[in-house]
There are 2 protein chains.
Amino acid sequence: MKTPTDASQGSERRLTARGRERREQLIAYATLRFARDGFHPTSVSEIVDGVGVGKGVFYWYFASKDELFIEILRAAQQDLRRTQLKAIGPTDDPLEAIEAGIRAGALWMAEHPDLRRLFEFARTDETFAKVMRSGQRQLVAQAAQRLSTAVEHGLIPPRDPEALAHAILGITNQLTMVYIDSAQRRPEELADLVVSICRNGYAGS
Amino acid sequence: MKTPTDASQGSERRLTARGRERREQLIAYATLRFARDGFHPTSVSEIVDGVGVGKGVFYWYFASKDELFIEILRAAQQDLRRTQLKAIGPTDDPLEAIEAGIRAGALWMAEHPDLRRLFEFARTDETFAKVMRSGQRQLVAQAAQRLSTAVEHGLIPPRDPEALAHAILGITNQLTMVYIDSAQRRPEELADLVVSICRNGYAGS
DNA sequence: AAGTTGCTTGACCGGCCGGTCAAGTGGGCG
DNA sequence: CGCCCACTTGACCGGCCGGTCAAGCAACTT
């Protein structure tokens, strides 16, 4: 939060290898607890107890409980976006790119249930909603770009690309929740389903 | 709310007209605050202060903060379901029924932003998630029923009706969030968009 | 050896939390 | 009129919250 150019990292302190390790340990355990019990119900004391360190350790690495949470969110959003871009690769076919993007998104959601739960909560809390909106805007922009290209090439009927991108997001989130958390299907199965419904709706061919 | 068949209510108190009014007042104000500031960050003290009564009044009408929240959720879910059923009416045409259901759902979401926000939070908190799952199951069952009928009549291609119902829910939630909360479009505009995307996906005719 | 700095400890702080309760208050009804 | 009871009050409770800090420890550098 000190370097004006770096938006995502606290990186205010010089850390040794041991320090970086401790930091990651705290992040990992906090992610687990926030996902399982919720952000507000999980206290800082519980986190440090769970890791087996004193309370001061937490405030050595993070300015506050909120800041830790925001860092978890930012890192997860970045990972999702990068995973999606990598999965698409350098394709020329817009339709193929769209499908690959949807599939990668669904797979990421399926494989990161904890982070998904954090996302869902964060959207409902005004303190974190703006972080979520920022990340979601980038994700939607990526997808809308590809959809727009497909419209220009006449590959799909003309429709608001942003609306479609949001719809894809909504389908992915909802179906992941149902088919991964409740019914415990395989991620690939989920991805196929999401792609199919996104493409065709309920009346499509 | 008093009928013994209603599983949501426990031992009720005999309320006078004045009592019922006070109760509704507390529910209304709590809904407002929970939606604006979140459930955990809003204290019981803030609620009674906002209404202008002593703290004991709250616990005269509600057993706990959690119970009040659950009652708000149950009532809202019921209202959504009833609104949807009423909007569909006694139609014979399955496709028409599906579209009317989607439209009514989207309109309800657009017209009840506070309750929508409560729903979103409640899904992320284990204490309330089971209430939400129960309500959502009923909503999805209603929709899946209609979709299933449409498949049987050969009006739409065969696909898992439950998956479609969940997809519709996901699209509705996501697009409402974007087009009502952020961009402030008219509810009817949103409803049209949701119906169109649900029916056709991104590649549909 | 002495100094520097990264890291750790855990008692402590003021404040707020959800919830309780003994003591009223007041409106309707016999 | 007098009583009952639905309703209201607000001080109070034990407990936990996020966050602080003086002090100690450990691993390098000089």
Identify, with sequence neighbours excluded, every residue that meets side-chain hydrogen bond (donor to acceptor under 3.5 Å, both in side chains) alongside Glu189(B).
Arg185(B)
Among all residues two or more places apart in sequence or in another chain, which pass the side chain to side chain contact (heavy atoms under 4.5 Å, CB included) test with Val131(B)?
Ile70(B), Leu73(B), Arg74(B), Gln77(B)
Listed partners of Glu120(B) passing side-chain hydrogen bond (donor to acceptor under 3.5 Å, both in side chains), at least two apart:
none
Just to verify, what does Tyr179(A) make a side-chain hydrogen bond (donor to acceptor under 3.5 Å, both in side chains) with, not counting sequence neighbours?
Asp160(B)
Let me know the distance between CH2 of Trp60(B) and P of dT9(D), rounded to the nearest Å.
13 Å
How many whole angstroms separate atom CD of Glu21(B) from atom P of dC7(D)?
11 Å
Could you check whether Gln84(A) and Arg81(A), counting side-chain N and O atoms only, form a donor-acceptor pair closer than 3.5 Å?
no
Checking all strands, does Tyr61(B) fall into the base, sugar-phosphate, or nothing category for heavy-atom contacts under 4.0 angstrom?
sugar-phosphate
Nucleic acid footprint by protein, nucleotides 12-23 of chain D - heavy-atom cut-off 4.0 Å, B for base, S for sugar-phosphate alone
-----SBBBB--
Across all chains, not counting sequence neighbours, the side-chain hydrogen bond (donor to acceptor under 3.5 Å, both in side chains) partners of Asp125(B) are His40(B), Thr127(B)
Nearest of dT9(D), dT9(C), dG6(C) to any side-chain atom of Val57(A)?
dT9(C)
Spacing between Asp49(B) atom CG and dT8(D) atom P, to the nearest angstrom:
15 Å
Residue-phosphate contact under 4.0 Å: Arg23(B) side-chain N/O, dC7(D) OP1/OP2:
no
Arg18(B) CZ to dA6(D) P, in whole Å, measures 12 Å
When the distance from CD of Glu24(A) to P of dC7(C) is rounded to whole Å, what number comes out?
13 Å
